[in-house]
Every structure is written in C-alpha cells, then in structure tokens.
Amino acid sequence: MLTTLHIENIALIDALEVEFSQGLNVLTGETGAGKSVIIGSVGIALGGRFDRALLRDPEKEGIVEVGFSLTGEEARRLLESGVLPEDILLGSADTDDPQKIEELELLITRKLTKNRAINRINGETVPIGMLKQAAEQLINLHAQHEQTTLLSPAKHLQLLDSWDDAVRRQRDRVRGLYQEKETIAAELERLDQDPAERAKRADFLQFQIDEIRGARPVPGEDTELEEEFRRMSHAEEIRDICQEVYLLTSDERGAASQIMHAARRMQELNRLDGESELPGQLSEVESLLSDFNQSLSEYMEDSAYSPEDLQKTGDRLDLLNSLKAKYGRSIEAVLETLESLEKEQEELEQAEGRIEELSVLLEKKKKELQAEAGKLTDMRRKAAGPLEKKVLSALQDMNFSHVEFHISFDTLPEIGQDGQDSVCFMLSTNLGEPAKPLHKVASGGELSRVMLALKATLSDAQDTPTLVFDEIDVGISGITAQKIGNMLKKLAEDRQILTITHLPQIAAAGDTAYRIEKKEVGGKTYTGIVQLDEQGREDEIARLLGGDKITDAIRQSARELIHAGR
C-alpha cells in the first residue's frame, strides 16, 4: 500500500507531504490546481522521466519520495522476484528471515540535482531499471489519456499476455527462440557470400596478418623505443654535458683531486683530535665522488650512438606507428586486431562446413520456434475466453446495458518475436449491432470504461496492491459515473485505489477524500493538498455539484451521494 508522498521543488509545489489510506482515496480540485502534477510526481517516483524543466527553483534540487507498507506476502513476492537484493528490501525489517516478516516499509526516493538524478530504495542508491521493476510490482499508474493506447491493436496483444503468467512465460520462450534464430541467420548471411568475394576477403586478411606478424610487435616496445630515440636525438648534447662534468670532477685540477688533497689534510686532524667525525665524512664524500665518476664514465660509453643506430631505431618506430595507425592505437590493440583477423581467417577457411552446419541449425531452430509459437497461440486462445468473460462482466457493471466484448485472432504471415498472432478487442455497445474493432467504434467515455474494466481484471491476475487512476472518468456522467464509482469502490475492497476525479458521484464513493488547491502567497503561486473531514468532504462534493453557488438543496444532494456511496 502507498502510505506517503513527499514532494519538494516541483512545478507549483514548494513542499508537500500527504498520507494515503487503505481503500478508495479520492483526489479532487479545480482545473489547474495541480492534480496532474501530484499524480505526475508519483510517476516520477516510480521511474518516470525527471526533467530539470520541472524544477520550481532551478538552483535547488527536486525531490519526490513515496513510502509503501508491504504485507509479509507482498514482501516475499518482491524478494522472490529477484528484483531487489535482500539487504535493500529487508533493511527496515525486524528479522532476517523473510518467512517471519509480517509488515515491511519500503521507501523510494528520487532526487534531481544540477548534474543528475539519484535513485534510492531504503536509502541505497540503485539503477533506474531496478527501481522501475520494483515499483511495477507495487503500484500500477494509469496516466491521463492512457486509454487512447487501446486504439492500437498492438496494445491488445500485450494486455492479453499480461493476463496469464503461463502465457507470459511461453511468450518469453518464443522471444528467446526468435532471437536465437535471428542470430544464426545473421551469421549465416555473413558467411554465405559469393565464393569469389570470400577468396578476395581471405587474400586481404592474409596480407594484414602477414604485415602484423612480420613486424613482430611486442607490448610496450614502442614506448621504450620512443624514449631511446629521444636520447639518441640528443646524443651530442648529452655527450658535451657529461664531458664537461667529468672534467670538473675528475681532472687533476678538478673536484676529485681537491677533495683527495683535503682528505689527506683531514687525516692530520685525527692525530690532533681523535673524536672528530669530520675526517670520516670527507672520506665518504671522496668515495661517493669516485663512484659517481665511475658511473658517469660508463654512462658516456653507453650513450655513444652511431648514426646507423639512430636510423635503425627511427625505422622501427615508423613501422610500429604505421601498424598502430592501421590496426589500433597501441601495440596491445594491434595484437588484439591480429587475433581477430586470425579468427576471421579461420572462419573463412571453415566457411563451407560452417555454412552447412548453420543451415541445418537454422532449420531446426525455425521448426522449434514454429512449434513453440503454435503452443503460444493455443495458450492465448485458451486464456482469451476467461478474460473476455471478466471484462464483459466489468463492463456490464459500468452501465453497458447491451454490450458484447470478445477477442479476435488473426495469423501473421511470419513468426515475429511475439509469435504469429495478431489480436484485436472487439466491442458492441448497441443491441443488434455486431462487435467491431474497438478502435473503430468506441467513444471517449466508452474507452474510459473499457480501460477501467481491463485494469480491474488484470489487477486481479497480477495481484497489484495499489492502482492509481488519473481521470478515468473522462467523457462520462450521470448514472454511468455512479456505476464507475461503484466499480472503484468494489476494487478498493481488496486493494488500495487512488483516483483523481471531477465527478461528484465518484468523489462520493471514496473512503478518504483529499482536495488539491492552489494558493497565492507573497506574490507566488503554490499547490497544496489537504485531507478532508466529513464537513470538508460534503463541501467539496457540493462544489462539484453546484459550482460557486451552493444551495441547501445542493448540500442535501451531496449528503445523499455520500450516503449512497457508502
């Protein structure tokens, strides 16, 4: 059950928090008060698009947060689905044993900052896909004008499949087989080309492989050669520096000679002051300088490069850079390309055998797909009957006196990822008139009722705890509105219902009533929501009945509607 909704800095909402109840929650308000913003915010919390254009103050973050109270059965079902990790789902539980959970709180938070949207469940950051999948098991949101999707027969197949778990599983199996078949067909098409073209490709592959193999590149070799080439290019300057330093340190008038003379003089200090450490320190300096001169001499010998060495290193670098330009940005990438080329070459060499193997496999997969698609058709036709009866019963409960509803099947020319079926909802609302495709005969009000009938029926099958309807009452009035109110009331016996309405007949059926209102404070407009007490509820229904001028007769009608709704 949806228990709380918290919104900050969204559209006309500065900050808003509301608690919802079990049963039928009815939201009313003047046109433009912000009803769609509140329902839209619920949609955002459930994974809908969170756009910066929605922010009231673009310099502040926007927050939408919904809280759910789950029964133990709902929590276990969500856990068994594998959508949420156990540590996230059971974060607020009193026990680590899912079988002992009686009630569980779940908090979904979406925060929009300057740079990104942050998605959290029970305080843990989660991917948007995970959030959506979890939300789908907790709540079904019927957005405003969603009933227009019924005008597309493609939607009818989706609705039929969602009616039966076994059908959905079989459809998913067909989708998997179809994807396998397409993968095989794509590989077969790639290999099954003209033999002359295949030979031409094989020659080119051999040329590329020989070019890379002939160079024998070694990972990291280019980096080492670039450093070596840089040193060679500055060999003369390096030699001049080293020779100058060598003269300064090792010449008979250089530092080594001077320090040696000084060290001998310091030996006399030992005779006069045996505790002084200075002679030893100077001896270490003399030893260090000797080691330095030895290393410098060896470095000078190692840095003696010939023009031939420079040319050879440059040529090798040019070769490696040419390979990188053709086959990758690094030697590692070049070697990966070589591996890929060798694999393709092997495939080409074995193409004839592989083509034959794939052809056999493709035919086998087509037959398997055809068999499973046939099973799916049978299962859909079997599931359609009970769905027709349920929807028809719901339609009759909503003031369709003479209504027919059934599902028509056609066979597509080819099997697609959803099988080979095309279905269409057929409807007749007049006595003696044959049922025709829904998208050709249904008015706006009829579409609203058909959608509600489908939602009511499918929610039973899917066991969704909460249903949200944004103006399901479009295009209806009078006794039909009362019938829809009764339908919503009946639905709310087993689950939580939230609905936005303009009709007093539906508002009167609610167990809990809320009014969404717009106010101007300090030169700014704000949207808020208040839960109505009995008097407030009577006032609101009277407003829906009579507009600005509310008479005693209108108030009496409002009281009668409320009494009838109970």
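- For K324, the NZ atom sits in a packed shell: over 12 heavy atoms of surrounding residues, nucleotides or ligands are nearer than 6.0 Å.
- Electrostatic pairing of K35 and D470 does not count as a salt bridge here, judged by no charged N lying under 4.0 Å from a carboxylate O.
- In terms of heavy atoms, Y178 sits closest to L369 at N-CD1, 3.9 Å.
- The closest side-chain donor-acceptor pair between E103 and T71, if any, does not fall under 3.5 angstrom.
- When all heavy atoms of A75 and L104 are compared, the pair lying nearest together is CB-CD2, 3.8 Å.
- Pairing each heavy atom of Q137 with each of S81, the nearest pair is NE2-OG, 2.9 Å.
- Distance CD/E105 to OG1/T4: 8.5 Å, rounded to 0.5 Å.
- Salt-bridge formation is not detected for the pair E368/K181: no Lys NZ or Arg NE/NH1/NH2 atom is positioned less than 4.0 Å from an Asp or Glu carboxylate oxygen.
- Of the charged side-chain nitrogens involved, at least one lies within less than 4.0 Å of a carboxylate oxygen, so that D161 and R380 count as a salt-bridged pair.
- Summarising the geometry, atom NE2 belonging to H6 is positioned 10.5 Å from atom CD1 belonging to I13; distances are rounded to the nearest 0.5 Å.
- Annotation: the span from L84 atom CG to D87 atom CG amounts to 9.5 Å, rounded to 0.5 Å.
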Apply the test side chain to side chain contact (heavy atoms under 4.5 Å, CB included) to residues I212 and L341: give CA-CA distance (whole Å), side-chain angles for both, the deciding distance (0.1 Å), then the verdict.
-> CA-CA 10 Å; I212 298 175; L341 294 171; 4.1 Å; yes
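- For the 3.5 Å distance criterion, the side chains of Q496 and T466 qualify, holding a donor opposite an acceptor.
- When only modelled atom types and interatomic distance are considered, D410 and S422 share no side-chain donor-acceptor pair under 3.5 Å.
- The backbone N or O of E336 sits nowhere less than 3.5 Å from a side-chain atom of S340 that would complete a donor-acceptor pair.
- Side chains of S408 and V423 form no contact here, defined as non-hydrogen atoms less than 4.5 Å apart.
- Counting only heavy atoms from C-beta outward, the side chains of I108 and R120 never approach each other to under 4.5 Å.
- With a 4.5 Å cut-off on side-chain heavy atoms, D397 and K490 count as touching.
- Side-chain contact between E187 and L358 is present, with at least one heavy-atom pair separated by less than 4.5 Å.
- Between the side chains of T464 and N140, not a single donor N or O lies within less than 3.5 Å of an accepting N or O.
- We find that K111 and E65 are not joined by a salt bridge, their nearest charged nitrogen and carboxylate oxygen being 4.0 Å or further apart.
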Working for side chain to side chain donor-acceptor pair (under 3.5 Å), residues Q417 and Q179 = CA-CA 7 Å; Q417 66 171 359; Q179 188 57 54; over 6 Å; no
Go through Q22 and R495 one step at a time and tell me if the side chain to side chain contact (heavy atoms under 4.5 Å, CB included) criterion holds.
-> CA-CA 7 Å; Q22 185 60 274; R495 59 184 51 78; 5.6 Å; no
Under the salt bridge (Lys or Arg N to Asp or Glu O under 4.0 Å) rule, what do R77 and E80 come out as? Steps first, then yes or no, please.
-> CA-CA 5 Å; R77 188 165 62 244; E80 290 168 2; over 6 Å; no
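- Proximity of I118 to R116: side-chain heavy atoms (C-beta onward) are separated by under 4.5 Å at one or more points.
- Put simply, CG on L157 and SG on C424 are 11.5 Å apart, with the number rounded to the nearest 0.5 Å.
- Side-chain N/O atoms of Y327 and E211 include a donor and acceptor closer than 3.5 Å.
- Under the 30°/60° scheme for interplanar angles, the aromatic rings of H156 and F425 are found to lie parallel.
- Checking side-chain atoms of N119 against main-chain N and O of R110 turns up no donor-acceptor pair under 3.5 Å.
- With a 4.5 Å cut-off on side-chain heavy atoms, L46 and K132 do not count as touching.
- Residue S41 is tested with I38, V37, I39 for a side-chain contact (heavy atoms from CB on, under 4.5 Å); the sole match is V37.
- Residues L16 and T527 approach most closely at CD1-O, 4.0 Å, considering heavy atoms.
- Between R213 and E342 a salt bridge is recorded (basic side-chain N to carboxylate O distance below 4.0 Å).
- Salt-bridge check for E372 with K375: passed, with a basic side-chain N closer than 4.0 Å to an acidic carboxylate O.
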Taking it one step at a time, do L427 and L395 satisfy side chain to side chain contact (heavy atoms under 4.5 Å, CB included)?
-> CA-CA 11 Å; L427 181 71; L395 290 173; 4.2 Å; yes
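- By the 4.5 Å heavy-atom criterion applied to side chains, T499 and L27 are not counted as neighbours.
- We find the CG-CD1 distance between L488 and I497 to be 6.5 Å, quoted to the nearest 0.5 Å.
- In terms of modelled atom types and a separation under 3.5 Å, the side chain of S393 and the main chain of K390 share no donor-acceptor contact.
- Residues P465 and M1 come closest through the heavy atom pair CB-N, 4.3 Å.
- F204 CZ: 12 or fewer foreign heavy atoms inside a 6.0 Å radius.
- Remark: the backbone N or O of V167 is paired with a side-chain donor or acceptor of D164 at under 3.5 angstrom.
- Heavy atoms only, all atoms of each residue included: A394 and M487 are closest at O-CE, 3.4 Å.
- A donor-acceptor pair shorter than 3.5 Å can be found between the side chains of Q206 and Q345.
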Derivation of the side chain to side chain contact (heavy atoms under 4.5 Å, CB included) call for L454 and W163 = CA-CA 9 Å; L454 285 164; W163 159 248; over 6 Å; no
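- A 6.0 Å sphere centred on CD of E339 holds no more than 12 heavy atoms belonging to other residues, nucleotides or ligands.
- Of the possible polar contacts, none joining the E8 side chain to the E61 backbone as a donor-acceptor pair under 3.5 Å is found.
- Note that CG of L177 is 5.0 Å distant from CZ of R173, once rounded to the nearest 0.5 Å.
- At a threshold of 4.0 Å, the pair R76-E73 does not count as salt-bridged, since none of the basic side-chain nitrogens sits closer than that to a carboxylate oxygen.
- In this structure, the side chain of N399 does not engage the main chain of K483 through any donor-acceptor pair within 3.5 Å.
- Residue E17 places its CD atom among more than 12 non-hydrogen atoms of other residues, nucleotides or ligands, all under 6.0 Å distant.
- In this structure, the ring of F405 has its center no less than 6.0 angstrom from the ring center of F400.
- At least one side-chain heavy atom of L5 sits under 4.5 Å from a side-chain heavy atom of V42.
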